> 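The structure follows.
Naming convention: chains lettered A, B, ... in sequence-line order (proteins, then strands); numbering from 1 in each chain. Note that this is a predicted model, so its numbers are computed, not measured.
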Amino acid sequence: MHDIRAIRDNPAAFDAALARRGMAPVSPRILAIDEERRAMILAAEQATAEQNRTSREAGAARAAGDEAEFNRLRELLADKKAEIARLNDAARAEDQHLLDLLATIPNLPLPDVPDGANENDNIEIRRWGTPREFAFEPLEHYQIPAARGMDFALAAKLSGSRFAVLSGAVARLHRALAQFMLDLHTGEHGMTESITPVLVRPEAMYGTGQLPKFGEDSYQTTNGWWLIPTAEVTLTNSVAGEMLDAAALPRRMVAHTVCFRSEAGSAGRDTTGMLRQHQFEKVEMVAITTPDQSESEHARMTRSAETVLERLGLPYRTMLLCAGDMGAGARRTHDLEVWLPGQNRYREISSVSTCGDWQARRMNARFRPEGGGKPEFVHTLNGSGLAVGRTLIAVLENGQEEDGSVTLPEALRPWLGGKGRITAAGEMA
RNA sequence: GGACAGGUGGCCGAGUGGUCGAAGGCGCACGCCUGGAAAGUGUGUAGGCGGGGAACCGUCUCGAGGGUUCGAAUCCCUCCCUGUCCGCCA
């Protein structure tokens, strides 16, 4: 949600920023509605003020025992009533009209976000680790003998395509990864862990920006709940409607949840393996900050995600997304792409975004500045830390050996009962 | 699923038709007191929207919407939400 005053103050800058997302200018339409809306509000309020005045006079006349005057004023009010109702309805309709339009407009890219239309225009800002030299042709994760516990046929029987059943060693590895991530973020990155619902009200989906525009990307239950596409929804909306203490910020949260995405429109992409699923698990980080904290927090959160990959010894690169490739709520996004030897390329494994006050306005999440003063909207940030299924893929592909076994990252041992590899037979050893 | 109870400001909580945006308390801000702090004490302190350079003015908001009334936090209706008890259940 955008601040109508900011648009009013500088419509050209607003349109210019949106143009970087490939959007046509909208400020003329917004300003026209806003002007109409304000005229309506003024007319309605003036009429109401007159009504209130007359009503007080009527009360006074009655108190003074002036029945004639009271009756005269009462009739006057009765006549005005319909007109006032009409003006109020019109003012409210215009106000809603503006809100509905603003709710569909994506966030403005920050100045340092590069121009560009799609992922080809993203900029690499960092690279860590060196992809391993293989003496053999590395396999994709679902081809690796050690990953035989990954069963897509069974998942298809139960649910259909784009689901996976994990059994045995891969299931345990998946669980270990999630726990390792949570322990890292809570133990070293100052985040508080939550277990949240994965079914939410529409309001929550609206707050983070999935609704009203992107409902087709998610699933809804028959009684109106939405299945979260990311724990960003629950963690971020935890502060919806709240007035937070500035001293309590930044608030850093992390949650491991299952996520659901219908992935409409990506049919045909990554159809094999568990890279892209309707249901997957993710460890999600969310930070609620004051406006002056959000920049450093974005860097910090990106580092928190990068640290997961570094501890696991997985080569990655950090991308700065171009304006055209960012999600609607983001002002700047860092994507972490992990090296997948089986695909011989880097693939997205985390996305870390700062949303400014765009979500906070939708949620009405504010804080009172230290030393008092008017409430201000908080800033919100979110990032994967990391997508668990994709991390599993990366661990399997990067650790695969010629004999079909997989050598696991040293850092995971405490979560694997001291074990360090999966045999070609699919046994933890 | 059934039966009750309830939704008031940053928080707690009073208020059952009239000048109530709303007592009181807590918190917070500023001052007094103090060597400094605590305690004590005084004053102030809701938010949104609109108008205005500003001071300020208007308007809305006591869960949401509608109704009754000259006038609604207060009465009536509908809906939403929360809690308690019962039933069921991992």
Side-chain angles (χ1 to χ4, degrees), chain A residues 1-9 30-103 195 197-207 211 221-226 234 237-249 251 258 288 290 357 360-378:
Chain A
M1 180 68 65
H2 291 283
D3 182 3
I4 181 62
R5 288 198 191 84
I7 301 172
R8 223 183 270 153
D9 290 346
I30 293 172
L31 293 180
I33 296 170
D34 181 47
E35 203 166 316
E36 181 67 7
R37 159 183 165 270
R38 284 192 286 162
M40 293 292 187
I41 287 173
L42 189 60
E45 289 191 352
Q46 282 173 346
T48 309
E50 193 186 325
Q51 174 187 239
N52 290 343
R53 215 159 36 237
T54 310
S55 179
R56 273 192 297 271
E57 285 169 18
R62 167 173 259 192
D66 189 345
E67 280 299 311
E69 176 68 356
F70 172 69
N71 284 324
R72 186 185 72 82
L73 292 172
R74 198 169 58 162
E75 277 169 36
L76 207 113
L77 281 166
D79 291 345
K80 282 268 178 197
K81 204 169 182 175
E83 185 200 341
I84 287 164
R86 186 179 57 75
L87 287 168
N88 271 328
D89 286 350
R92 203 183 308 173
E94 284 300 328
D95 200 43
Q96 192 59 47
H97 190 184
L98 182 65
L99 284 177
D100 289 346
L101 176 58
L102 289 178
I195 294 171
V198 298
L199 294 173
V200 298
R201 305 175 190 284
E203 291 90 326
M205 294 284 279
Y206 179 89
L211 294 179
T221 66
T222 50
N223 64 346
W225 282 323
W226 289 83
T234 45
N237 277 284
S238 68
V239 299
E242 297 292 319
M243 181 75 70
L244 301 163
D245 261 339
L249 302 177
R251 180 190 289 194
V258 63
I288 310 297
T290 63
D357 64 7
R361 286 179 183 281
R362 293 171 157 259
M363 300 187 298
N364 191 27
R366 298 172 298 172
F367 74 100
R368 201 175 289 279
E370 263 167 310
K374 286 278 181 189
E376 294 177 38
F377 289 107
V378 296

> If you measure from the P atom in C88(B) to the same atom in A73(B), how many Å do you get, rounded?
45 Å
> Watson-Crick or G-U wobble partner for U74(B), using a 3.5 Å limit on both distances?
none
> Please state the P separation for the pair G42(B) and G47(B) - nearest whole angstrom.
25 Å
> Within the pair Asn52(A) and C60(B), is there a side-chain N or O less than 4.0 Å away from OP1 or OP2?
yes
> Hey, are Asp9(A) and Arg5(A) close enough for a salt bridge, meaning a charged N less than 4.0 Å from a carboxylate O?
no
> So if I take every side-chain heavy atom of Ala49(A) and compare against U59(B), G48(B), G50(B), which nucleotide ends up nearest?
U59(B)
> When the P atoms of U78(B) and A5(B) are compared, how many Å lie between them, rounded to an integer?
15 Å
> Could you tell me the separation between the CD atom of Glu57(A) and the P atom of G18(B), rounded to a whole number of Å?
21 Å
> When the distance from CG of Asn88(A) to C1' of G50(B) is rounded to whole Å, what number comes out?
13 Å
> Using the side-chain heavy atoms of Leu42(A), tell me which of these nucleotides is nearest: G10(B), C70(B), G51(B).
G51(B)
> So, for Pro369(A) and Lys374(A), which heavy atoms are closest and what is the spacing to 0.1 Å?
CD-O, 3.0 Å
> Under a 3.5 Å limit for both distances, which nucleotide forms a Watson-Crick or G-U wobble pair with C28(B), could you say?
G44(B)
> Would you classify Leu73(A) as touching base, sugar-phosphate or nothing, given that sugar-phosphate means primed atoms plus P, OP1 and OP2, and contacts are heavy atoms under 4.0 Å?
nothing
> What is the separation between atom CZ on Arg53(A) and atom C1' on U59(B), rounded to the nearest whole Å?
12 Å
> Please work out if Arg5(A) contacts a base, only the sugar-phosphate, or nothing of the nucleic acid, heavy-atom cut-off 4.0 Å.
sugar-phosphate
> So, taking the atom named CG in Leu42(A) and the one named CZ in Arg37(A), what distance separates them when rounded to the nearest 0.5 Å?
12.0 Å
> Please name the nucleotide paired to C89(B) by Watson-Crick or G-U wobble geometry with both distances under 3.5 Å, or report none.
none
> As a test of reading the structure: which of U59(B), G50(B), A46(B) is closest to the side chain of Arg8(A), going by heavy atoms?
G50(B)
> Rounded off to whole Å, could you give me the CD-to-P distance for the Gln46(A) and C49(B) pair?
19 Å
> Do Arg86(A) and Asp89(A) meet the salt-bridge criterion of a basic N to acidic O distance under 4.0 Å?
no
> Separation of Met243(A) atom CE from G48(B) atom P, in whole Å?
8 Å
> Report the residue (Asp95(A) or Glu45(A)) whose heavy-atom-nearest nucleotide on RNA chain B is the more 5′ of the two.
Asp95(A)
> For G58(B), which nucleotide in any strand shown is its Watson-Crick or wobble partner with both distances under 3.5 Å?
C49(B)
> Knowing that exactly one of Leu249(A), Asp245(A), Ile288(A), Val239(A) qualifies, which makes a side-chain contact (heavy atoms from CB on, under 4.5 Å) with Phe367(A)?
Leu249(A)
> Would you measure the distance from the C1' atom in A22(B) across to the matching atom in U45(B) and give it in whole Å?
15 Å
> In whole angstroms, how far is the P atom of C70(B) from the CD atom of Glu69(A)?
15 Å
> Tell which nucleotide pairs with G17(B), taking only Watson-Crick or G-U wobble pairs whose two distances are both under 3.5 angstrom.
none
> Taking the same atom, C1', in G21(B) and in C30(B), what whole-Å distance lies between them?
24 Å
> Taking the side chain of Thr48(A) as its heavy atoms from C-beta onward, which of G48(B), G50(B), C60(B) lies nearest to it?
C60(B)
> For G58(B), does either OP1 or OP2 sit under 4.0 Å from a side-chain N or O belonging to Arg38(A)?
no
> Taking the same atom, C1', in G27(B) and in C12(B), what whole-Å distance lies between them?
10 Å
> If you measure from the Lys or Arg side-chain nitrogens to the Asp or Glu carboxylate oxygens, is any gap between Arg72(A) and Glu69(A) under 4.0 Å?
yes
> Between Leu211(A) and Pro202(A), what is the shortest heavy-atom contact and its length?
CD1-O, 3.7 Å
> Using the P atom as the reference point in each nucleotide, state the distance between C57(B) and A38(B) in Å, no decimals.
36 Å
> Using OP1 and OP2 only, check whether a side-chain N or O of Arg368(A) sits under 4.0 Å from A29(B).
no
> If you count every heavy atom of other residues, nucleotides or ligands that lies below 6.0 Å from Glu203(A) atom CD, does the total exceed 12?
yes
> Looking at C33(B), which nucleotide sits across from it as a Watson-Crick or G-U wobble partner, both distances under 3.5 angstrom, or is there none?
none
> For the pair made of CZ in Arg56(A) and P in U19(B), what is the distance, rounded to whole Å?
11 Å
> Provide, to the nearest angstrom, the distance between the CG atom belonging to Asp89(A) and the P atom belonging to G67(B).
9 Å
> Write down the distance separating the C1' atoms in G10(B) and A29(B), rounded off to the nearest Å.
14 Å
> Quick one: look up who U69(B) pairs with, Watson-Crick or G-U, both distances under 3.5 Å, and put none if it's unpaired.
none
> Looking at G6(B), which nucleotide sits across from it as a Watson-Crick or G-U wobble partner, both distances under 3.5 angstrom, or is there none?
C81(B)
> If you find the nucleotide of RNA chain B closest to Arg201(A) and the one closest to Arg366(A), which residue's nucleotide is nearer the 5' end?
Arg366(A)
